[in-house]
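Read through the structure below, which is laid out as structure tokens, and then see the notes.
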Amino acid sequence: MRTAATARVDVAELVRLRTHRPEAVAEAAARRARRPLVDDTGRLMIVAADHPARGALGVGERRMAMASRADLLERLCLALSRPGVDGVLGTADILDDLLLLGVLDGKIVMGSMNRGGLQGASFELDDRFTGHRPKDIERLGFDAGKLLLRIDYDDPGSLNTLESTARVIDEMAERRLPVFVEPFISRRTPEGRLRNDLGAEAVTRSIAIASGLGGTSAYTWLKVPVTEDPDDMARVMETSTLPAVLLGGDVGEDQEGAYEKWRHALRLPTVQGLVVGRSLLYPADGDVAAAVDTAVGLL
């Protein structure tokens, strides 16, 4: 079994830079070599690491798997070093660390925008925009933003999230910056836990709602799950002409099953790639490089 990373992250050096030269983050962002969002392959492979800012630290049965920042950064550095990986999705703290580590040259950098819907909170669906703002993404020279849109017809907080999402889509379009919208129809269990409905009808409805937000959809992408029954995906993805990427989610022990679902969905005309986090960074067998390489191979 390979280790999670090929090199150790020097936490003391990161802390030193943050303490004595906080301007080093902006300097690193200004130096970063950029590339088009989609290259000649027409495909995207993005590694996601924005879960911790929403208090979602678990992977499968490991409730605090993502709690060690050094370990997460090492896994991210390894993933970003693999051929075919286009970039990373993260919150400011993680992207700032990666900038200081110098691993984002020639990569797509996607800022995570709303992380206020903390996992398990009573206000989880009033998902405030507590992360990157459109002006932050523009100022730092990042390439895109991503937002989470969970809709529960029984929770008024969803309306706040819908309205603020629409305005952020407008602000991103004004700057000609792509924004990836991750929509779900969500419901609470009798115990009060929030669950995303991955049935075909619910995913179809979520795509229809997300596609119509804002004054223009010119810069909007969708970030969608594979439905419970993968055979439903072809019909579900007919709901919109917006370009889409598949999200990974927490696949647990069934890594091969996830790969098979992604493989079939990637053949659909609107699906342009993958944005996957925990299942690649924390695979059950610990082999980050192999998990990333297999996902890249699906493209």
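On a predicted model such as this, the values are computed, not experimentally measured, just so you know. Residue numbers count from 1 along this sequence.
For Lys146 (side chain) and Leu89 (main-chain N/O), no donor-acceptor pair under 3.5 Å exists by modelled atom type. Judged by distance alone, the side chain of Arg75 and the main-chain N or O of Leu281 form a donor-acceptor pair under 3.5 Å. Put simply, the side chain of Thr161 gets close to the backbone of Asp127: a donor and an acceptor are under 3.5 Å apart. Gln272 places a side-chain N or O within 3.5 Å of a backbone atom of Pro269 that can act as its donor or acceptor partner. Between the Arg35 side chain and the Leu37 main chain, a donor and an acceptor come within less than 3.5 Å of each other. Formation of a donor-acceptor pair under 3.5 Å by the Gln119 side chain with backbone atoms of Arg54 is not found in this model. Counting only distance, with no hydrogens or angles, the side chain of Arg32 and the backbone of Leu99 share no donor-acceptor pair below 3.5 Å. Side-chain atoms of Arg150 come within 3.5 Å of backbone atoms of Glu124 as a donor-acceptor pair (strictly under, hydrogens ignored). Remark: the backbone N or O of Ala208 is not paired with any side-chain donor or acceptor of Ser211 at under 3.5 angstrom. Panel note: side chain Asn160, backbone Asp126; no donor-acceptor pair is recorded below 3.5 Å.
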Is there a side-chain contact (heavy atoms from CB on, under 4.5 Å) between Ile94 and Asp50? Walk through the geometry before answering.
CA-CA 8 Å; Ile94 290 173; Asp50 60 340; over 6 Å; no

Take Glu13 and Arg16 through the salt bridge (Lys or Arg N to Asp or Glu O under 4.0 Å) test and state the conclusion after the steps.
CA-CA 5 Å; Glu13 177 60 14; Arg16 188 192 68 79; 2.8 Å; yes

Let's go through Asp96 and Arg18 carefully: what are the C-alpha distance in whole Å and the side-chain angles of both, what is the deciding distance for side-chain contact (heavy atoms from CB on, under 4.5 Å) to 0.1 Å, and is it a yes or a no?
CA-CA 10 Å; Asp96 290 349; Arg18 285 180 171 277; 3.4 Å; yes

CA sep, side-chain torsions, deciding dist, call: Arg188, Asp152, salt bridge (Lys or Arg N to Asp or Glu O under 4.0 Å):
CA-CA 8 Å; Arg188 291 195 182 274; Asp152 183 345; 5.0 Å; no

Starting from the C-alpha separation in whole Å, work towards a yes-or-no answer on salt bridge (Lys or Arg N to Asp or Glu O under 4.0 Å) for Lys135 and Glu138.
CA-CA 5 Å; Lys135 66 180 182 181; Glu138 180 181 49; over 6 Å; no

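Using a 4.5 Å heavy-atom cutoff, the side chains of Ile46 and Phe180 are not in contact. Contact of the Asp136 side chain with the Met113 side chain is not registered, since no non-hydrogen atoms from C-beta on lie closer than 4.5 Å. Residues Ile137 and Met172 form a side-chain contact, since some pair of their non-hydrogen atoms from C-beta on lies under 4.5 Å apart. Counting only heavy atoms from C-beta outward, the side chains of Ser217 and Leu242 approach each other to under 4.5 Å. By the 4.5 Å heavy-atom criterion applied to side chains, Leu147 and Val168 are counted as neighbours. A heavy-atom distance below 4.5 Å is found between the side chains of Leu73 and Leu14. Side-chain contact between Arg31 and Asp105: absent, with no pair of heavy atoms (C-beta onward) separated by less than 4.5 Å. Using a 4.5 Å heavy-atom cutoff, the side chains of Gln255 and Ser279 are in contact.
Grouping the Ile, Leu, Val, Met, Phe, Trp and Tyr side chains by contacts below 4.5 angstrom, directly or via other members, places Leu101 with Leu140. Put simply, Ile207 and Ile151 are part of the same group of oily side chains (I, L, V, M, F, W, Y) that touch within less than 4.5 Å, one to the next. A single hydrophobic cluster is seen to contain both Leu72 and Val25, as judged by linkage of ILVMFWY side chains at heavy-atom distances under 4.5 Å, directly or through other members. Val292 is connected to Val88 through a chain of hydrophobic side-chain contacts under 4.5 Å among Ile, Leu, Val, Met, Phe, Trp and Tyr, so both are in one cluster. Under the 4.5 Å side-chain heavy-atom criterion for ILVMFWY residues, no single connected hydrophobic cluster contains both Val85 and Ile108.
Between the CG atom of Asn114 and the OG atom of Ser164 there is a distance of 7.0 Å, given to the nearest 0.5 Å. Rounding to the nearest 0.5 angstrom, the gap separating the CE atom in Met45 from the CG atom in Leu298 is 8.5 Å. For the atom pair Leu118 CG and Arg128 CZ, the distance stands at 11.5 Å (nearest 0.5 Å). Within the model, atoms CH2 of Trp262 and CG of Leu274 stand 6.5 Å from one another, a figure rounded to the nearest 0.5 Å. Atom CG in Leu280 sits 11.0 Å away from atom CG in Leu78 (nearest 0.5 Å). In this structure, Leu194 CG and Asp155 CG are separated by 8.0 Å, a value rounded to the nearest 0.5 Å.
Of all the heavy atoms in Ala48 and Val275, the pair that sits closest is CB-CG1, 4.0 Å. Heavy-atom minimum distance, Thr216 versus Asp170: N-OD1, 4.2 Å. Closest non-hydrogen pair, Val38 versus Gly42, comes out as CG1-CA, 3.3 Å. Smallest separation of non-hydrogen atoms from Ala65 and Val59: CB-CG2, 3.8 Å. Across every non-hydrogen atom of Met237 and Ala244, the tightest pair is CE-CB, 3.7 Å. Shortest non-hydrogen contact noted between Ala265 and Leu246 is CB-CD1, 3.5 Å.
Every residue two or more places apart in sequence or in another chain that forms a ring pair (Phe, Tyr, Trp, His ring centres under 6.0 Å) with Phe142 is listed here: His132. Qualifying ring pair (Phe, Tyr, Trp, His ring centres under 6.0 Å) partners for Phe123, counting only residues two or more places apart in sequence or in other chains: none. Among residues two or more places apart in sequence or in another chain, the salt bridge (charged side-chain N to carboxylate O under 4.0 Å, His left out) test is passed with Arg62 by none. Under the side chain to side chain donor-acceptor pair (under 3.5 Å) criterion, Asp10 pairs with no residue at all, not counting sequence neighbours.
In summary, Arg34 and Asp143 engage in a salt bridge, as defined by a charged side-chain N under 4.0 Å from a carboxylate O. Taking a cutoff of 4.0 Å between a charged side-chain nitrogen and a carboxylate oxygen, Asp86 and Arg43 do not qualify as a salt bridge. In this structure, Glu260 pairs ionically with Arg263, as a charged nitrogen and a carboxylate oxygen lie closer than 4.0 Å. Of the charged side-chain nitrogens involved, none lies within less than 4.0 Å of a carboxylate oxygen, so that Glu171 and Arg167 do not count as a salt-bridged pair.
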Taking only distance into account, with no hydrogens and no angle test, what donor-acceptor pairs under 3.5 Å do side-chain atoms of residues 218-226 form with protein atoms, sequence neighbours excluded?
unit_1 : atom_1 : unit_2 : atom_2 : d
Lys223 : NZ     : Glu182 : OE1    : 2.9

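More than 12 non-hydrogen atoms from other residues, nucleotides or ligands lie less than 6.0 angstrom from CZ of Arg175. Counting non-hydrogen atoms of other residues, nucleotides and ligands closer than 6.0 Å to CD of Glu27 gives a total above 12.
Side-chain atoms of His264 and Arg267 form a donor-acceptor pair, as typed in the model, at a separation below 3.5 Å. With hydrogens and angles left out, the side-chain atoms of Asp229 and Thr227 include no donor and acceptor closer than 3.5 Å.
In the hydrophobic clustering, where aliphatic and aromatic side chains (Ile, Leu, Val, Met, Phe, Trp, Tyr) are joined below 4.5 Å either directly or transitively, Phe184 groups with Leu148, Leu198, Leu247.
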